[in-house]
Amino acid sequence: MHIRNINRYKVIKRFSISKTLLDINEILYIQEKDTEHENPQKIFSETKEYLTDISPKLYSSLLQGFIVPDERLPSKPK
């Protein structure tokens, strides 16, 4: 079984997802895409709380002006 990495992102533009408002400079964790099993990506809050599943299309949209990869090392939620 392949274990997917979870990458850290910084919010650069305020937005809401799963009834949670994410503000500038908050940190998000997004699980990488599972191309083998077509499982959705999962998104976690700064406190590593599960928020929701996201589609690859939504992930691409977030990368276009809402989030950027954080410079620190990737981390995994507990």
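Counting begins at 1 with the first residue of the sequence.
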Quiz item: Which atoms form the tightest heavy-atom contact between L28 and F15, and what is the distance?
Solution: CD1-CZ, 3.8 Å
Quiz item: Does L51 belong to the same Ile/Leu/Val/Met/Phe/Trp/Tyr cluster as L62, with side-chain heavy atoms less than 4.5 Å apart forming each link?
Solution: yes
Quiz prompt | Between CZ on residue R8 and NZ on residue K48, distance to nearest 0.5 Å | solution = 6.5 Å
Self-check item: Linked, directly or transitively: L58 and F66 (ILVMFWY side chains, under 4.5 Å)
Solution: yes
Quiz item: Would you say the side-chain atoms of S45 and T47 include a donor-acceptor pair closer than 3.5 Å?
Solution: yes
Quiz item: Are I43 and I6 connected in the hydrophobic side-chain network, where two residues link if heavy atoms are under 4.5 Å apart?
Solution: no
Quiz prompt | Exercise: identify the closest heavy-atom pair between G65 and I12 | solution = O-CG1, 3.6 Å
Quiz item: Just checking, K33 and Y59: is the charged tip under 6.0 Å from the six-membered ring centre and within 45° of the axis?
Solution: no
Quiz item: In terms of hydrophobic clustering (I, L, V, M, F, W, Y; side-chain heavy atoms under 4.5 Å; direct or indirect links), are L63 and I30 co-clustered?
Solution: yes
Quiz prompt | Test item: Q41 side-chain N/O and I54 main-chain N/O as donor-acceptor pair under 3.5 Å | solution = no
Exercise. Of all the heavy-atom pairs spanning K10 and N25, show the shortest one and how long it is.
Key: CD-OD1, 3.7 Å
Quiz item: How far apart are the closest heavy atoms of T52 and Y50, and which atoms are they?
Solution: C-OH, 3.3 Å
Quiz prompt | Closest non-hydrogen atom pair, E46 against Y29 | solution = O-CE1, 3.8 Å
Quiz item: Just one of D70, D23, L22 clears the side chain to side chain contact (heavy atoms under 4.5 Å, CB included) bar with V11, so which one?
Solution: L22
